[in-house]
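Just so it is clear, the values below take in all heavy atoms, side chains as well, and ignore hydrogens, waters and symmetry mates.
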Amino acid sequence: MIKHQKAKLSRRLMLSSLSLSFLMMVMLIPVQYFMDKKEAENGVAATSTQIVQGYLPTLAAAIWNFDPDRTRLNLQNLIQQPFAAYAAVNGDIALTVGVKPVNSIDFQYPIVADNGSNLGQLSVSFDKDAISQYAWNKVRSAFWTLSIYTLLLAGLLLWLVQKVVTRRLLRLSQFAQGLRLDNLETTPTIYFKHSQDELDHLTKNLLDMRNQLAADRNELKRFETELARRASEDQLTGLPNRFSFLEALYRQLETDAQFSLMFLDLDGFKKVNDGLGHSIGDELLKKTAQRLKELGGECSFLARYGGDEFVILVNQACEESIKAIADRLTEGFSRPFHVAGNVLYLSVSIGIARHPEDADNGEELIQRADVAMYQAKNLGRSRYLFFDQCIYDNMRLKLSMEEQLRKSLEQKDFTLVYQPIYNTHSGKIVSAEALLRWPYGSPDVFIPLAEETGLILPLGLWVLEEALAQAKRWQDAGTPLVVSVNVSHSQLHQPSFADKVCERLQKCGLEPSILQLEITETALMEDWQVSIANIQKLRDMGVRIALDDFGTGYSSLSHLQQLPLDCLKIDKSFMARIHESPRDMALVQALVELAKALSLKVVAEGIEYEEQMLLARTLGIHYLQGFFLAKPQPVAQLELNRSFAALSHGASASAQGVHNGTR
C-alpha cells in the first residue's frame with residue numbers, strides 16, 4: 001500500500017515538475033527565437049561593413065584590369081559569407097553569382113577606381129528565410145539540450161523529495177489512518193528526531209494526539225453509554241421515553257398481533273405543579289411512575305409520553321382483560337401520595353384504543369387513544385373510556401365546523417335577526433334583541449363552539465358593530481329603539497371590553513343609553529372581579545345592563561345586590577307553565593317582587609301563549625318578549641309600529657307550532 005502511494009505521489013511530483021519546466025521553456029521559445037534572429041541580422045550588418053572594407057578594393061582592381069575570372073572569383077568568395085545568397089556587378093563587367101532570394105535583405109555599393117572613376121555597382125542580397133531558419137535551428141537545439149537537463153534535474157529533485165519528505169509523509173498518513181479508539185494500545189510505529197523541523201513537529205503533534213485519545217477513551221465510552229441510556233429513557237422517572245415507546249409500538253405492529261394502547265393523563269397534576277412548585281411536581285411524577293409499574297402488570301410496556309401523560313402497551317385486546325387493568329389503575333390512584341410532607345391526591349383518566357379494531361397503524365392508534373382519554377376527562381375524570389368512532393366523528397365534525405366558522409367570519413357570512421320587546425302597558429315595541437344567525441348551523445351549536453375556540457371575541461365585536469349600525473339607521477328614520485346585544489363570558493372577562501364598546505358607540509354617533517347589553521349569571525360568576533369592573537364602567541357610561549336567563553344560574557342574592565343592573569330577564573323555563581301551574585305562577589311572582597325590590601325592570605321571555613301574556617301583565621312585568629308577540633326576523637320584515645294589543649286570540653294557535661324554536 002505504501003509503495004503504491006509512493007509511486008502515485010512520485011508520478012504526480014515528476015509530472016508537475018516536468019510540466020512546469022516545459023511550460024517555462026515553451027514560454028521562452030519566442031524570446032530565444034527573436035534574440036537569435038536579431039543576432040543573425042547583426043551579423044549581416046557586420047558582413048556589409050566587411051564588404052565595403054575588404055571586397056570592394058580587390059573587386060575594383062579586377063574590373064579596372066578587365067579580368068572577368070578574377071571578378072567572378074571575388075563574387076563567389078562574397079556569397080560564401082553567412083546568409084549571402086546573391087551577388088551581381090553592373091558596369092564595365094556584368095556578372096551574376098547565385099540566385100536572388102524571394103525574401104531578402106539587399107545592399108548596393110558603388111565600385112570606384114583608385115583614380116576616382118566609376119566602374120559600376122555591386123549588389124549583394126542576404127536570405128531572410130535563411131536567417132529565420134538559423135534562429136529556429138538554434139532554438140530547437142537549445143530546447144532539446146534544456147529538456148535533457150530538465151529531465152535529469154526533475155529526476156534528482158524527485159529522488160530527494162521522496163527521500164526526505166514523501167516517505168515521512170506516507171508514514172504519518174498511515175499512522176493517522178490507524179488512529180482509532182480500538183487500537184490505541186498498540187505501540188506507535190513512527191518517531192521524531194530532535195532536529196525539530198516541520199515534519200518532526202507534525203509527528204510529535206500526532207503522537208500527542210494519540211496519547212490524548214488513549215487517555216480519553218474510557219471517558220468517551222462512558223459518555224456513549226450515558227447517551228444511549230438518555231436516548232431511550234426518561235430522565236426524571238426512569239421509564240422508557242416516547243422514542244422507546246414508539247419503537248416498541250412499531251415492533252408490536254410488525255407482529256400483526258392484537259393488542260391495546262392505553263393513554264393516561266393525570267387529573268389535577270397542574271394544580272399541584274403550580275401550587276407547590278415544580279420540584280414537588282417532579283417528585284410526584286416519580287412516585288406516579290412507580291405506582292404505575294406496580295399496577296400495570298408484567299404483560300404491559302409502560303412509558304412516559306410527556307408531561308403528565310403516560311402510555312401502556314398491553315399484549316391483548318380482550319375487552320374484559322383491558323377493563324380489569326383499567327379498573328386496577330383507576331382504583332390504585334385512590335390512595336394518596338406522600339411527597340415532601342404533603343399528602344396529595346391524584347386521579348387518572350384513561351383512553352383505550354385496540355389494534356386492529358380501532359386502527360391499523362401507530363399514528364392513528366395513538367390519536368384514537370388520546371381522543372378517548374380527553375373524552376374520559378370531559379365526562380368527569382378518574383375513569384377510562386374505550387375509543388368510540390361516533391365520538392371521533394363528532395370531533396372531526398366539530399373541527400370542520402370550526403374551520404367553516406373561521407371562513408364565514410372572514411367572508412361575513414353571518415346575519416342578524418331582531419326580536420322585538422314590547423312594553424306591557426303601552427303594547428308598543430321599545431327595544432329589539434339582536435340575535436346571530438349562521439346558514440351552516442343553529443345558534444345552540446355554533447355559539448358554544450365559537451366560545452370554546454375564542455372566535456366569539458371577533459364575532460361578538462361584529463355583532464355589536466352591526467347592531468349599533470342598525471340602531472343608528474332606526475334613529476335616523478325617526479323610530480329610535482334600544483338595541484339589545486348578548487355578551488359572552490369571554491368578552492365580559494376582557495379588561496378592555498368596556499373601552500371597545502365605548503369606541504363603537506362614538507364611531508356610530510349614538511348615545512350609550514341606546515344600547516343594552518345582556519349578561520348571563522354564569523358569565524358573571526366565572527371571573528367576578530373583572531366582570532363587575534367592566535359592568536360598572538359600562539353602567540357609568542350610560543349603557544343599559546340586563547341580567548339574562550335570570551334564575552337559571554348560580555348567582556346569590558348578595559351578588560345580585562352588588563350588580564349595577566337596569567333589568568332582569570326571567571328565563572322562559574319559568575314562564576312556560578305559569579298559566580297551568582300555580583307553583584310556577586308563585587315562583588315568577590316572587591322573582592318579579594325581588595326585582596321590584598331592587599328597583600329593576602323585568603322582562604318576561606318565552607311568551608308563546610296569550611294566557612302567558614295576560615298573566616305577565618297581571619304580575620306587573622314591565623316588558624314582554626316571545627314568539628306569541630313576534631318571532632326573530634330580519635330588519636326588512638319587522639313591523640315596528642305594530643302593537644301587541646291588536647293580536648287576536650287566534651294568534652296563540654299560530655305561536656304554538658313554533659314554541660320549541662331556539663333563540
Side-chain angles (χ1 to χ4, degrees), residues 15-154:
L15 289 175
S16 300
S17 302
L18 289 176
S19 299
L20 182 61
S21 300
F22 283 115
L23 178 63
M24 293 179 62
M25 287 190 293
V26 169
M27 293 175 62
L28 290 174
I29 283 175
V31 178
Q32 185 65 38
Y33 167 75
F34 286 112
M35 290 177 63
D36 290 341
K37 186 177 180 182
K38 185 67 177 177
E39 180 183 355
E41 290 174 349
N42 291 337
V44 168
T47 301
S48 66
T49 303
Q50 292 177 2
I51 291 173
V52 175
Q53 296 177 355
Y55 284 92
L56 282 178
T58 57
L59 187 60
I63 294 173
W64 176 263
N65 294 321
F66 201 76
D67 187 350
D69 294 333
R70 188 178 174 188
T71 301
R72 182 181 299 277
L73 181 62
N74 276 280
L75 292 179
Q76 289 176 346
N77 290 334
L78 180 59
I79 64 173
Q80 296 300 318
Q81 297 296 320
F83 313 114
Y86 171 81
V89 175
N90 294 316
D92 294 341
I93 297 176
L95 287 174
T96 301
V97 177
V99 179
K100 184 174 178 65
V102 177
N103 191 11
S104 62
I105 302 175
D106 300 322
F107 294 95
Q108 285 81 32
Y109 305 98
I111 303 174
V112 182
D114 292 338
N115 59 3
S117 61
N118 186 12
L119 300 178
Q121 183 175 341
L122 172 65
S123 299
V124 181
S125 297
F126 294 88
D127 193 348
K128 293 182 71 175
D129 292 336
I131 293 173
S132 298
Q133 187 62 40
Y134 166 79
W136 277 118
N137 291 339
K138 196 169 182 181
V139 168
R140 188 182 301 111
S141 176
F143 177 79
W144 288 113
T145 302
L146 287 175
S147 297
I148 294 173
Y149 282 118
T150 299
L151 288 173
L152 293 174
L153 183 60

If you compare all heavy atoms of [X] against all heavy atoms of [Y], which two are closest, and at what distance to 0.1 Å?
X      : Y      : result
Ile93  : Pro68  : CD1-N, 4.1 Å
Phe83  : Ala130 : CE2-O, 3.9 Å
Leu119 : Ala60  : CD1-O, 3.4 Å
Tyr86  : Gly98  : CD1-O, 3.7 Å
Ala84  : Leu78  : CB-O, 3.8 Å
Ile79  : Ala85  : CG2-C, 4.4 Å

In Asn65, Ile111, Ile63, the residue satisfying side-chain contact (heavy atoms from CB on, under 4.5 Å) with Thr71 is Ile63

Rounded to the nearest 0.5 Å, how far apart are [atom1] of [X] and [atom2] of [Y]?
X      : Y      : atom1 : atom2 : result
Thr58  : Asn74  : OG1   : CG    : 4.0 Å
Arg72  : Asp67  : CZ    : CG    : 11.5 Å
Phe126 : Ile131 : CZ    : CD1   : 8.0 Å
Trp136 : Arg140 : CH2   : CZ    : 8.5 Å
Ser132 : Asp127 : OG    : CG    : 8.5 Å

In sequence, state the C-alpha distance, the side-chain angles, and the governing distance for Asn77 and Leu73, and then conclude on side-chain contact (heavy atoms from CB on, under 4.5 Å). CA-CA 6 Å; Asn77 290 334; Leu73 181 62; 4.0 Å; yes

Dump the intermediate steps for side-chain contact (heavy atoms from CB on, under 4.5 Å) on Leu56 and Val112, then the final yes or no. CA-CA 8 Å; Leu56 282 178; Val112 182; over 6 Å; no

Set out, in order, the CA-CA distance, both residues' side-chain angles and the distance that settles side chain to side chain donor-acceptor pair (under 3.5 Å) for Gln133 and Asp129, then state yes or no. CA-CA 6 Å; Gln133 187 62 40; Asp129 292 336; over 6 Å; no

Count the heavy atoms of every other residue, nucleotide or ligand shown that sit under 6.0 Å from NZ of Lys100, and state whether that count exceeds 12. yes

